[in-house]
Amino acid sequence: IHHYNSLISGHCKLGKLSGANNLVKEMIDKGLEPNVVTYTSLISGYCKAGELKTAFSLYHEMTGKGISPNIYTFTALIYGLCRSNMMAEACKLFDQMKEWNVIPNEVTYNVMIEGHCRKGDIVKAFELLNKMLEKGLVPDTYTYRPLIGGLCSVGRVSEAKDFMDDLHSDRHKLNEMCYSTLMRGYCKEGRLKDALGACTEMVSRSIDVDLVCYTILINGFLKHGETKKLLSLLKEMHDHGLRPDNVAYTSIIDAFGKAGDLGKAFGVWDIMVSEGCIPNVVTYTVLINSLCKAGDIHSAELLCKEMLGSNSIPNSMTYSCFLDQLTKVGHIEKAVELHSTMLESSLANVVTYNILIRGFCQMNRTEEAAEILTQMVEANILPDSVSYSTIIFEYCRRGSLSEAMKLWDVMLDKGLYPD
RNA sequence: ACGCACCAAUUGGAAAUGC
């Protein structure tokens with residue numbers, strides 16, 4: 001049974017859920033009964049795939065058979081809820097597991113803390129950290145990294161650094177992930193000097209400055225127009241025996257494209273390929289995006305076709321580059337057409353709808369823009385603050401202040417925070 | 001018999017939308 005469990009877990013980790021299910025059938029045929037480990041592996045697999053319904057029906061199936069869920073099972077389920085942004089449900093299960101006499105451990109707390117941080121609820125996250133400490137549980141980098149990232153994502157980068165300094169003085173070990181998260185926060189705020197400072201601090205604390213750290217720096221400097229720094233960073237990497245990978249190259253390509261230098265962008269693409277890095281869907285999409293923005297639809301379409309011939313499949317983001325370009329040049333009907341095709345292929349999301357909203361607004365068809373909000377709800381894709389603010393901005397521009405205020409209230413009513 | 005071990009749970013980098 002261990003061998004089967006191990007194989008099933010492996011399939012789940014690779015996202016091969018049907019393969020995992022076949023193995024379960026096979027083991028049952030051989031007279032082996034799935035146990036808690038088997039179920040937990042499957043539950044974890046479905047949670048990672050975002051298929052929470054299946055995960056919970058497996059959970060009910062196992063409890064129905066009299067197999068008791070354990071700490072691994074609950075943590076996997078809570079992880080799934082957190083990843084789907086269902087923190088209320090995650091909190092509920094976190095409390096309910098005690099009814100099964102299962103006490104949350106470090107991993108469970110780490111998962112919950114990360115979930116709260118992802119939602120920007122730093123207060124709850126730190127409350128849980130304190131609760132962990134009260135219970136004598138030992139936090140580690142799986143705890144600290146999300147907290148650092150959470151503080152950064154709500155614009156409290158300096159507090160994140162203070163937090164890290166406190167941890168350091170209390171002799172808690174931080175790793176590359178904690179530092180790279182902080183560096184990313186600094187870069188997003190344009191505090192490039194501080195990002196470099198963090199790098200220096202890593203060296204002084206014997207933490208390896210790895211490829212991810214360098215990629216964050218390269219991305220940060222380039223996106224803030226500091227092109228000169230690129231060569232010295234690349235040289236430094238080289239001196240440390242690091243070579244850029246496709247993520248690093250894609251970041252550089254994107255930066256040149258966004259700066260309007262498509263020649264250099266394609267130049268880097270060639271270098272990347274000659275270095276043996278394989279362009280992926282993101283690499284293609286950043287180029288398609290820049291080509292669309294430059295109005296070169298023909299080349300963008302060629303690249304898109306080329307993608308289909310390679311191993312990358314265009315996704316929502318790829319198509320939304322075309323969608324955005326269509327609306328910007330006023331081809332709203334064509335955009336709507338493309339969007340309905342996307343919708344059929346499950347490639348529509350809140351951003352693709354927002355692009356349509358902006359398109360209608362731009363054509364002075366604000367009523368139709370507002371109707372999109374209803375369509376979104378029907379498609380089970382909830383409007384976000386960008387959806388609303390696009391229309392609110394349009395009402396304001398036209399002097400319809402009362403309409404703008406009305407929509408503002410609707411937005412607040414839906415529990416959306418203005419940004 | 002009891003332990004123990006074995007199989008299952010959590011962390012970082014690049015792309016699209018409004019102002």
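Lettering follows sequence order; numbering is per chain, from 1. In what follows, every heavy atom counts, from backbone to side chain, and hydrogens, waters and symmetry copies are set aside.
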### Message
Give the dot-bracket line for RNA chain B from 5' end to 3' end: parentheses for intra-strand Watson-Crick or G-U pairs under 3.5 Å, square brackets for crossings, | for inter-strand pairing, dots for unpaired.
### Response
...................
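- Remark: side-chain polar atoms of A/Ser320 are paired, donor with acceptor, to backbone N or O of A/Met317 under 3.5 angstrom.
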## Note on the structure
Per-nucleotide protein contact along nucleotides 3-11 of chain B, 5' to 3', at a 4.0 Å heavy-atom cut-off (B base, S sugar-phosphate only, - neither), is ---BBBBBB
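- Using a 4.0 Å heavy-atom distance criterion, A/Cys292 is classed as making no nucleic acid contact.
- Using a 4.0 Å heavy-atom distance criterion, A/Leu211 is classed as a base contact.
- The A/Lys258 side chain lies nearest to B/A15 when the options are B/G13, B/U17, B/A15.
- Nucleic acid contact for A/Asn315: base, since at least one base atom lies under 4.0 Å from a heavy atom of the residue.
- Side chain of A/Ser84 to backbone of A/Leu81: no donor-acceptor contact under 3.5 angstrom is found.
- The interatomic distance linking A/Leu174 (CG) with B/G12 (P) rounds to 16 Å, in whole Å.
- Within the 4.0 Å cut-off from OP1 or OP2 of B/A14, at least one side-chain nitrogen or oxygen of A/Arg184 is found.
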### Query
Do A/Lys65 and A/Tyr39 pass the side-chain hydrogen bond (donor to acceptor under 3.5 Å, both in side chains) test, and can you show the C-alpha distance, the side-chain angles, and the key distance before you say yes or no?
CA-CA 11 Å; A/Lys65 284 188 180 172; A/Tyr39 274 105; 2.9 Å; yes
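- The base of B/G18 lies close enough to the side chain of A/Asp419 for a donor and an acceptor atom to sit less than 3.5 Å apart.
- Within residues 349-360 of chain A, the residues that have a heavy atom under 4.0 Å from RNA chain B are, in order of number, A/Asn349, A/Val351, A/Asn354, A/Ile355, A/Arg358.
- Taking every side-chain heavy atom of A/Met317 into account, B/A15 is the closest of B/A15, B/G12, B/U17.
- Within the 4.0 angstrom heavy-atom criterion, only backbone atoms of the sugar-phosphate kind lie near A/Val286; the bases stay farther away.
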### Task
Take A/Tyr388 and A/Phe393, measure what ring-ring contact (aromatic ring centres under 6.0 Å, His included) needs, and give me the verdict at the end.
CA-CA 8 Å; A/Tyr388 284 101; A/Phe393 175 76; over 10 Å; no
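- Donor-acceptor pairing under 3.5 Å, judged by distance alone, is present between the side chain of A/Asp245 and the base of B/G13.
- The main-chain N or O of A/Leu17 is found under 3.5 Å from a side-chain atom of A/Asn21 such that the two form a donor-acceptor pair.
- Straight-line distance from the CH2 atom of A/Trp408 to the P atom of B/G18: 19 Å, rounded to whole Å.
- Atom CZ of A/Phe221 is separated from atom P of B/A14 by 16 Å (rounded to the nearest Å).
- In this structure, A/Lys293 reaches the B/U17 phosphate: one of its side-chain N or O atoms is under 4.0 Å from OP1 or OP2.
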### Intermediate values then yes/no, side-chain hydrogen bond (donor to acceptor under 3.5 Å, both in side chains), A/Asn280 and A/Ser312
CA-CA 6 Å; A/Asn280 62 19; A/Ser312 322; over 6 Å; no
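- Following rounding to the nearest Å, A/Leu230 (CG) and B/G13 (P) show an atom-to-atom distance of 20 Å.
- Between the side chain of A/Glu403 and the backbone N or O of A/Tyr395 there is no donor-acceptor pair closer than 3.5 Å.
- What separates CE of A/Met411 from P of B/C19 is a distance of 15 Å, to the nearest Å.
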